[in-house]
Structure formats: C-alpha cells, structure tokens
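The next block holds one structure in the form of structure tokens; read it before the comments.
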Amino acid sequence: SYGIKNNKKFKYYNPQIGFDEQKRVTLVNGFTESLNNNEFYLLWQPQYRTRDKKLSGVEVLTRWHHPQYGTISPEEFITTLEQSQRICDLSQWVIGEVFNQLPLLHEKHPGLEVSINLSPQDLMDDRLVHYIDSLSDQFAQYCEFVTLEITESLLIDDYSRVLSTIEDLKKRGFKISIDDFGSGYASFAYLQKLPANELKIDKSYTDLYREQTTYAILETIIELAKRLDMRIVVEGIEHQQQIDLFTNLGAERLQGWMLDKPMSLQSLMSKT
Ligand code: C2E
Ligand code: MG
Ligand code: MG
Ligand code: MG
C-alpha cells in the first residue's frame with residue numbers, strides 16, 4: 001500500500017541524507033570557531049599577461065582544513081555556507097585577509113591585482129559594502145587593485161538589488177568579473193545585465209580548445225567581450241597550445257597549472 005511504499009523509500013534514502021546532514025550541521029555550527037581557529041587559509045594563483053608574459057594578477061582561493069573532516073573542497077564548503085546564509089562571513093574574512101596582505105604584496109610586486117571570489121548571495125544585501133566601509137581608511141587606496149569575481153552558481157532573482165550592490169562596489173574602485181563564463185545558468189543574460197570589467201572563460205571551454213565548434217564559440221565570446229570593453233582572463237591553462245591559442249585570440253590574461261598552481265603567500269612573495 002501507499003504507506004508501506006513510503007516507509008521503504010524513507011529507510012532507503014535516510015542513511016545517506018543523515019550523514020550529509022550531520023556533517024553540514026557540524027560544519028555550520030562550528031563555522032565561527034573554525035574561522036577564529038585559523039582552519040581557513042588562502043592560496044594565491046598567479047595570472048600572467050599575454051602581451052609581455054608578466055605576472056599581473058593573482059586569484060585568492062580559500063582552503064578549509066577541518067579538525068574532524070580534514071580538507072574540505074571549496075565546492076562543498078561554499079555550497080554549505082551558501083545554504084546556511086553564512087557565505088558573507090567567509091567573504092568578509094577573505095577580503096580582510098587580502099587587504100591586510102596587499103601593502104606587503106605591493107612592496108614585492110608593485111601594482112599586482114588580486115581577484116576574490118564572491119557568491120551571488122554576497123550581492124543580495126548591504127552587509128559586504130558596510131563591512132568594506134568599516135575597514136580602516138588606509139585600505140581605501142587598494143580597492144582599485146581588487147577584482148571581485150562573481151560565479152553563476154545561483155540564479156539571481158533580484159537583479160535590481162544585485163546591480164545596486166555592484167554599483168556601490170564599483171564606486172569604491174573595485175572591478176567586477178564574471179567568473180566561469182559559459183558554465184552556468186545565465187551566461188549571456190549576465191553579460192547583458194551586469195556592468196562587469198572582466199570575463200573569465202570557464203575551464204570547461206579552455207579544455208575543449210581542439211574542437212572546431214568550440215574554437216568558433218571562443219572566438220565569438222572574446223570578440224563580444226572586447227566590444228563590451230571587458231578584459232578576458234582564461235582559467236584552466238594546462239597546455240602550451242592553449243597559451244598560443246588564447247594569446248592569438250586576444251585574451252589579456254592566462255591562469256592555470258601550466259603557468260603556476262595555487263601557492264602560499266610566502267611562495268608568491270619569493271617569486272621573481
Ligand atoms: P574558480 O573561482 O573558478 O577558481 C578556479 C579553480 O580552478 C580553482 O579551484 C583552482 O584551483 C582551479 N584551477 C586552477 N588552475 C587550474 C588548471 O590548470 N586546471 C584545472 N583543472 N583547475 C585549475 P578550487 O581552488 O578548488 O576552487 C573551486 C571553486 O570554489 C572556485 O572556482 C570558486 O568558485 C570557489 N571558491 C574558492 N575560494 C572561494 C572563496 O573564497 N569564496 C567563494 N565564494 N568561492 C570560492
Ligand atoms: Mg574565480
Ligand atoms: Mg573560475
Ligand atoms: Mg569555477
């Protein structure tokens with residue numbers, strides 16, 4: 001009967017859901033403590049300018065080493081923190097870390113630009129902008145060196161809210177980047193709606209560079225971005241052919257394992 005079927009279904013699915021749910025609750029409940037206990041740290045992945053092959057930018061990528069669960073992938077903890085509305089706290093921590101390191105970083109690499117990943121959720125209220133305004137005035141001069149990358153991980157339902165946050169951030173000097181372009185929900189809608197300064201081509205496209213149709217698509221995307229006055233960054237560069245291809249296609253910056261893996265700040269500081 002209906003009742004028994006339902007019961008069976010419940011028994012079958014429950015262990016799996018129960019496990020994930022328990023982990024999620026543990027991670028979320030201990031999140032503030034984890035932040036304070038330095039379980040989070042940043043890796044920095046260089047970006048190189050195609051024109052002169054110089055180091056010109058770096059993307060910060062957050063890592064979480066948890067005492068109970070070990071290393072948790074960003075995909076997992078970002079989703080978990082988004083679902084529990086805590087992602088903005090992580091974003092604030094990352095921004096604070098970057099601003100703290102930028103003066104020293106610029107002593108070694110003058111003018112180096114830093115990219116920070118944000119969640120669309122960060123743009124849906126005022127908390128991030130308030131946090132940035134609460135930081136010491138001495139950081140204000142560094143905003144122009146910071147690019148905020150937005151991924152299409154969530155469908156944005158309130159564009160006017162998101163747009164006004166983006167305008168607030170741009171007023172303070174930040175650049176806006178559309179990350180993982182081509183991988184998500186609303187690639188072309190984003191291009192049309194968001195006043196972004198940069199487009200990052202997703203590594204799923206970078207990877208398909210050998211295929212003729214992909215080549216045509218890449219050529220078109222890059223042409224379009226140029227007409228919209230956006231900088232093109234290509235992520236996931238793993239082969240020399242990709243460097244050649246994207247240099248020829250007119251991309252400004254390249255990032256990927258072939259060039260450098262994400263590294264500690266110390267390694268970045270000791271790069272020549
Ligand atoms: P993303 O922003 O697209 O970052 C690029 C990802 O590609 C990073 O994965 C990087 O380690 C990886 N990668 C770099 N070079 C190569 C390559 O040549 N080949 C391949 N296959 N992969 C490469 P990671 O560090 O695991 O981060 C995954 C995603 O998690 C990021 O993708 C970003 O969306 C998110 N994320 C990471 N840190 C943060 C953060 O602080 N805040 C937010 N909101 N999201 C973050
Ligand atoms: Mg990114
Ligand atoms: Mg990306
Ligand atoms: Mg990505």
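In listed order, ligands and their atoms are each counted from 1.
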Measure [X] to ligand 1 on non-hydrogen atoms and call it side chain, backbone, both or neither using the 4.0 Å cut-off.
X: Arg63; answer: side chain
X: Gln255; answer: neither
X: Asp179; answer: side chain
X: Asn117; answer: both
X: Lys261; answer: neither
X: Thr62; answer: both
X: Glu59; answer: side chain

Run the numbers for me: atoms of ligand 1, each under 4.0 Å from some heavy atom of [X], listed by number.
X: Gly256; value: 15 (N), 18 (O)
X: Ser119; value: 44 (N)
X: Pro262; value: 11 (O)
X: Glu235; value: 3 (O), 5 (C)
X: Val94; value: 41 (O)
X: Gln45; value: 14 (C), 15 (N)

Inspect the surroundings of CG in Asn36 and state if more than 12 heavy atoms from other residues, nucleotides or ligands are less than 6.0 Å away.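 Yes.
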Can you tell me if CG on Asp52 sees more than 12 non-hydrogen neighbours from other groups inside 6.0 Å?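 Counting other residues, nucleotides and ligands, CG of Asp52 exceeds 12 neighbours.
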Can [X] and [Y] be counted as an ion pair, charged N to O under 4.0 angstrom?
X: Lys171; Y: Asp168; answer: yes
X: Arg24; Y: Glu21; answer: yes
X: Lys200; Y: Glu149; answer: yes
X: Asp133; Y: Arg172; answer: yes
X: Arg161; Y: Asp125; answer: no

Could you check whether Lys54 makes a cation-pi contact with Tyr48, meaning its NZ or CZ is under 6.0 Å from the centre of the six-membered ring and within 45° of the ring axis?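 Output no; distance or angle outside limits.
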Donor-acceptor side-chain pairing of Asp89 and Ser91 below 3.5 angstrom: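 Absent: no donor and acceptor within the cut-off.
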Closest by any non-hydrogen atom to [atom]: pick that one out of [options].
atom: atom 7 (O) of ligand 1; options: Lys200, Gln121, Lys203; result: Lys203
atom: atom 36 (N) of ligand 1; options: Ile95, Ile78, Ile87; result: Ile78
atom: atom 10 (C) of ligand 1; options: Leu42, Leu61, Leu254, Thr79; result: Leu61

Vertex the Mg ion (ligand 2), rays to OD1 in Asn117 and OE1 in Glu149 - rounded to 10°: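 My answer is 90°, to the nearest 10°.
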Starting from the Mg ion (ligand 3), look over the N/O/S atoms of [X] and name the nearest one.
X: Glu235; value: OE1
X: Asp180; value: OD1
X: Asp179; value: OD1

Looking only at N, O or S atoms, find the one in Glu59 nearest to the Mg ion (ligand 2) and name it.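 Of all N, O or S atoms belonging to Glu59, OE2 is the one nearest the Mg ion (ligand 2).
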Indicate the atoms forming the closest heavy-atom contact of Leu254 with Thr247, along with that distance.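 That would be CD1-OG1, 4.1 Å.
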For Asp180 and ligand 1, does the shortest N/O to N/O distance drop below 3.5 Å?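 Yes: some nitrogen or oxygen of Asp180 is under 3.5 Å from one in ligand 1.
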Would you say the rings of Phe77 and His66 are close, in the sense that their centroids are separated by under 6.0 Å?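 Aromatic pair excluded; centres sit 6.0 Å or further apart.
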Sub-4.5 Å side-chain heavy-atom contact between Leu218 and Ile201: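 Yes - at least one pair of side-chain heavy atoms lies under 4.5 Å apart.
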Start with the C-alpha gap between Arg231 and Glu113, add the side-chain angles, then the distance that decides, and say whether salt bridge (charged side-chain N to carboxylate O under 4.0 Å, His left out) holds. CA-CA 13 Å; Arg231 174 168 75 196; Glu113 296 189 58; 3.4 Å; yes
